[in-house]
Protein chains: 2
Amino acid sequence: MDELTERQKLILTLVVRDYIETAQPVGSRRILERFNLDISSATVRNEMMALSEAGLLRQPHSSAGRIPTEDGYRYFVTHFVYQTDLPEPTRHTITHQFYQARQDVEQWMHLAVSILANHSHAASLITAPHAERASYKHLELISTQGRQVLMVLVLVGGEVLQQILTLAEPASQEQLSSAADRLNQICIGRTAEEILKSPTQMNNLEQDILTLLLGDMTSGDQRASGQMYLDGLTNVLSEPEFVESTDARRTLRRFEERSLLQDLLARTTGSGAVGIVQVLIGGEGEFEELKQCSVVLARYGIPGIATGALGVFGPMRMSYARNIPTVRFMADLLSGLVSETMLGDEPR
Amino acid sequence: MDELTERQKLILTLVVRDYIETAQPVGSRRILERFNLDISSATVRNEMMALSEAGLLRQPHSSAGRIPTEDGYRYFVTHFVYQTDLPEPTRHTITHQFYQARQDVEQWMHLAVSILANHSHAASLITAPHAERASYKHLELISTQGRQVLMVLVLVGGEVLQQILTLAEPASQEQLSSAADRLNQICIGRTAEEILKSPTQMNNLEQDILTLLLGDMTSGDQRASGQMYLDGLTNVLSEPEFVESTDARRTLRRFEERSLLQDLLARTTGSGAVGIVQVLIGGEGEFEELKQCSVVLARYGIPGIATGALGVFGPMRMSYARNIPTVRFMADLLSGLVSETMLGDEPR
DNA sequence: TTTAGCACTCTCGTCTTGAGAGTGCTAAAT
DNA sequence: ATTTAGCACTCTCAAGACGAGAGTGCTAAA
């Protein structure tokens with residue numbers, strides 16, 4: 001695969017870069033003009049032909065300029081842009097924006113997803129950090145006078161779970177409060193497994209609530225995503241490959257429904273590695289809906305403690321050179337945030 | 001204004017109905033065919049001319065069919081569809097969908113906004129119910145070992161506020177816990193004003209936290225919206241008036257940013273009336289961005305206790321006959337939800 | 001190995017043209 | 001006094017014609 005000459009590599013990158021910017025097929029002449037090379041257009045044409053035969057470029061029709069194939073993008077990404085870093089001014093801008101408002105995780109996520117959308121000019125998505133083995137901190141039970149009870153469970157590290165539950169038989173606020181007190185004494189500081197291992201005498205009400213509570217504490221691992229935040233759908237919408245295309249719009253719909261995201265983010269869970277940026281070009285055969293699209297994904301957080309995922313979605317013709325470092329940088333930023341709030345590290 | 005003959009009213013409704021369905025200018029002949037009236041096309045033309053002079057219809061160009069003007073839509077809405085109710089099967093479907101999963105407010109909102117989007121074929125938005133004068137229930141302070149502290153405040157009624165705060169000087173978890181205990185004793189069951197009126201002796205730490213806490217309890221009234229939920233952007237995207245139009249896309253962007261929503265929902269706060277459906281056609285002069293669009297809005301909840309807002313956004317050519325009753329019905333449904341959880345009423 | 005030259009192909013914008021839909025008006029019919 | 005038939009007129013829209021332009025592949029010379 002790596003039998004490309006230096007000049008072929010150069011021309012490949014130039015074609016990819018130009019096409020990413022203009023969305024127009026790139027001709028041999030155009031390249032000379034834009035990057036004023038001192039070779040002739042015929043030479044470029046010959047090299048282009050070689051690259052076409054290697055499957056890295058193709059022509060929309062027989063006498064048009066070249067556009068990259070999926071493999072072309074892949075080559076470009078792995079050989080040229082993957083290791084690049086974000087320029088310092090950009091890092092500074094993002095950091096500045098990011099540390100503007102810090103109130104709660106919710107708002108932080110909103111901010112992060114919006115920053116990511118703006119810098120990538122694509123649709124961005126983030127899942128809230130999810131504690132992997134969280135331990136119990138405090139329980140609050142709030143009666144609503146019927147059999148409906150609001151349960152608020154606070155975990156160490158600050159995650160808050162809420163659930164409305166219906167009791168088998170009505171209970172007064174006093175009963176609920178004493179049950180909560182009891183459970184708070186028994187469970188405090190323990191993980192779900194630890195609580196399970198040390199059986200304790202308790203009444204029906206307490207037992208019922210404990211069951212639900214433990215369910216909540218562990219079920220988070222199943223869905224593998226706290227909350228899903230989504231922004232910048234309209235960015236990708238203004239890309240030429242998305243106007244006027246019906247199936248592109250269907251893809252967008254699947255995105256908005258979050259069902260595609262689930263599958264996508266599941267991929268990042270598998271590898272488990274935090275801070276590694278994955279690039280999915282054209283769905284890679286796995287995702288029919290993403291044929292024309294690309295996704296840049298990463299996991300953030302502290303493995304084994306609390307992690308989340310983030311990513312960027314756009315046309316295959318997205319700016320990898322900008323988006324890969326951006327995703328990486330945001331992942332680092334969010335990892336820092338997690339370690340501050342979970343471990344109490346000082347901000348840098 | 002009401003000097004329209006019965007036949008003119010009929011023809012107006014038929015034009016509006018047909019245009020809403022087809023997005024094509026409606027000709028005199030087309031109306032005869034579709035609704036087989038037993039009058040001639042010339043008669044229809046005469047009536048159409050009268051309606052054009054009354055400012056209810058207009059022609060895109062001199063020899064085309066008619067389309068409704070903003071006033072035309074307004075007449076149609078106020079005279080014909082405003083009082084209609086949702087057909088029973090639809091109500092049943094929605095109710096069924098709505099009561100499928102009930103876990104916490106968060107999920108309920110997600111479900112509601114998605115149902116609304118699907119039934120309206122438009123973009124839908126809902127704000128979480130916000131307690132208007134909430135009283136204190138429980139405070140939890142979680143140290144992260146630095147000067148950063150996570151504050152979790154639970155209000156009566158079940159609203160949960162989270163905030164990360166930075167202390168002037170470091171405090172241990174023990175200090176934080178005792179501060180929280182103290183504040184819990186002092187504040188429990190009281191509203192922000194009541195707490196303010198009864199000054200109590202307390203140390204610096206407690207005083208600082210109390211200030212922040214009271215700020216949180218009252219600031220909710222300012223922004224007038226708990227959380228904002230948005231869905232169905234892609235619905236309005238597939239409408240013909242939105243493909244290929246740049247300023248339509250800009251409007252959509254403003255929508256995604258939630259800034260337009262703020263202004264829009266502020267309108268519903270003013271009137272305060274719960275369950276009244278408001279229809280905003282073409283921005284009504286107030287909203288430049290909504291020139292081609294319409295919005296159907298309502299407030300839900302229990303006035304003086306807890307309320308939220310919901311609405312639907314789409315092209316001016318949206319199906320009012322479906323969306324107005326749908327918004328009304330969803331408002332009722334959500335009001336019921338609020339009264340269940342806040343007042344403890346049994347579900348219907 | 002590179003480059004100049006050339007014939008060839010394909011797209012795209014512009015222009016023309018004709019069909020079709022719809023109107024407004026006038027005069028006849030009810 | 002309405003309603004309707006008839007008609008001339010206007011405007012859009014789809015289809016075809018056509019030339020400019022961009023880009024290619026190939027061959028032969030440098």
Side-chain angles (χ1 to χ4, degrees), chain A residues 3-12 14-19 21-69 72 240-241 243-244, chain B residues 3-12 14-19 21-69 72 240-241 243-244:
Chain A
E3 64 240 348
L4 296 190
T5 66
E6 281 307 309
R7 192 167 61 193
Q8 284 170 342
K9 291 184 188 173
L10 174 67
I11 287 178
L12 176 60
L14 297 184
V15 170
V16 173
R17 279 174 51 187
D18 193 73
Y19 183 66
E21 278 182 39
T22 65
Q24 300 292 330
V26 185
S28 54
R29 200 166 172 178
R30 158 127 192 119
I31 281 202
L32 293 183
E33 286 174 11
R34 240 202 95 172
F35 304 95
N36 33 351
L37 307 185
D38 49 355
I39 49 178
S40 78
S41 67
T43 310
V44 176
R45 276 203 291 285
N46 286 333
E47 300 291 34
M48 280 177 161
M49 224 179 319
L51 289 167
S52 288
E53 272 167 28
L56 300 176
L57 294 181
R58 66 186 181 87
Q59 297 171 278
H61 56 88
S62 67
S63 82
R66 302 302 210 285
I67 64 179
T69 62
E241 35 267 89
V243 310
E244 192 88 16
Chain B
E3 65 241 347
L4 296 190
T5 66
E6 281 307 309
R7 192 167 60 192
Q8 284 169 342
K9 291 185 188 175
L10 173 67
I11 288 177
L12 176 60
L14 296 184
V15 170
V16 174
R17 280 174 50 187
D18 193 71
Y19 183 67
E21 279 183 39
T22 65
Q24 298 293 330
V26 185
S28 54
R29 199 167 171 177
R30 155 124 193 123
I31 281 203
L32 293 183
E33 286 174 9
R34 241 203 94 172
F35 303 97
N36 33 352
L37 307 185
D38 47 357
I39 49 179
S40 80
S41 70
T43 310
V44 176
R45 275 203 291 285
N46 287 333
E47 300 290 34
M48 278 178 163
M49 225 180 317
L51 289 167
S52 287
E53 274 166 27
L56 300 176
L57 293 182
R58 67 185 180 87
Q59 298 171 278
H61 56 87
S62 67
S63 82
R66 301 303 209 285
I67 65 179
T69 63
E241 36 268 89
V243 309
E244 193 87 18

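Below, chain A is the first sequence line, B the second, and so on; all start at residue 1. Source: prediction; values computed, not measured.
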Indicate every side-chain donor-acceptor pair of residues 54-65 of chain B with a distance under 3.5 Å to a residue at least two apart or in another chain.
residue, atom, partner, partner atom, Å
B:Q59, NE2, B:S62, O, 3.3
B:Q59, NE2, B:A64, O, 3.2

Using a cutoff of under 3.5 Å, can you pull out all pairs of nitrogen or oxygen atoms linking the protein to nucleotides 28-30 of chain D, with atom names and distances?
none

Under 3.5 Å, which N/O atoms of the protein pair with N/O atoms of nucleotides 23-25 of chain C?
residue, atom, partner, partner atom, Å
C:dT23, OP2, B:S28, N, 3.4
C:dT23, OP2, B:S28, OG, 2.8
C:dG24, OP1, B:R66, NH2, 3.2
C:dG24, N7, B:R45, NE, 3.2
C:dG24, O6, B:R45, NH2, 3.4

Contacts under 3.5 Å, N or O only, protein and nucleotides 12-17 of chain C:
none

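Following rounding to the nearest Å, A:Q24 (CD) and C:dT11 (P) show an atom-to-atom distance of 14 Å. Between the CD1 atom of B:I39 and the P atom of C:dT30 there is a distance of 18 Å, rounded to whole Å. The interatomic distance linking B:I67 (CD1) with C:dG22 (C1') rounds to 14 Å, in whole Å. Protein atom CD of B:Q8 is 10 Å distant from nucleotide atom P of D:dT3, rounded to whole Å. Counting to the nearest Å, the P atom of C:dG22 and the CG atom of B:L57 are 15 Å from each other. The distance between atom CZ of B:R34 and atom P of C:dG22, rounded to the nearest whole Å, is 14 Å. Distance, A:L32 CG to C:dT2 P: 14 Å, rounded to whole Å.
Not one side-chain nitrogen or oxygen of A:R7 sits closer than 4.0 Å to the OP1 or OP2 atom of C:dT1.
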Check against side-chain contact (heavy atoms from CB on, under 4.5 Å), B:R66 and B:L51: CA-CA 10 Å; B:R66 301 303 209 285; B:L51 289 167; over 6 Å; no
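Helical stems of DNA chain D (runs of at least 3 Watson-Crick or G-U pairs, donor-acceptor distances under 3.5 Å) are listed by first residue: C:1-30 with D:1-30.
One finds the CE atom of A:M48 at 10.0 Å from the CG atom of A:L12 (value rounded to the nearest 0.5 Å). Put simply, OG on B:S28 and CD1 on B:I39 are 10.0 Å apart, with the number rounded to the nearest 0.5 Å.
For the pair A:T5 and A:L10, the minimum side-chain heavy-atom distance is 4.5 Å or more. The closest side-chain heavy-atom distance from B:T43 to B:L37 is not below 4.5 Å.
Under the rule for a side chain to side chain contact (heavy atoms under 4.5 Å, CB included), the partners of A:E241 that lie at least two apart in sequence or sit in another chain are A:E239, A:P315, A:R317. Applying the side-chain hydrogen bond (donor to acceptor under 3.5 Å, both in side chains) test to A:T69 and every residue at least two apart in sequence or in another chain returns nothing. The side chain to side chain contact (heavy atoms under 4.5 Å, CB included) test applied to A:R34 returns A:D18, A:E21, A:R30, not counting sequence neighbours. Scanning for side-chain hydrogen bond (donor to acceptor under 3.5 Å, both in side chains) contacts around A:T22 gives an empty result, with sequence neighbours left out.
Taking all atoms of both residues into account, the shortest heavy-atom contact from A:I67 to A:Y19 is CG2-CE1, 3.5 Å.
The salt bridge (charged side-chain N to carboxylate O under 4.0 Å, His left out) analysis of residues 45-57 of chain B, with sequence neighbours excluded, yields the pairs B:R7-B:E47.
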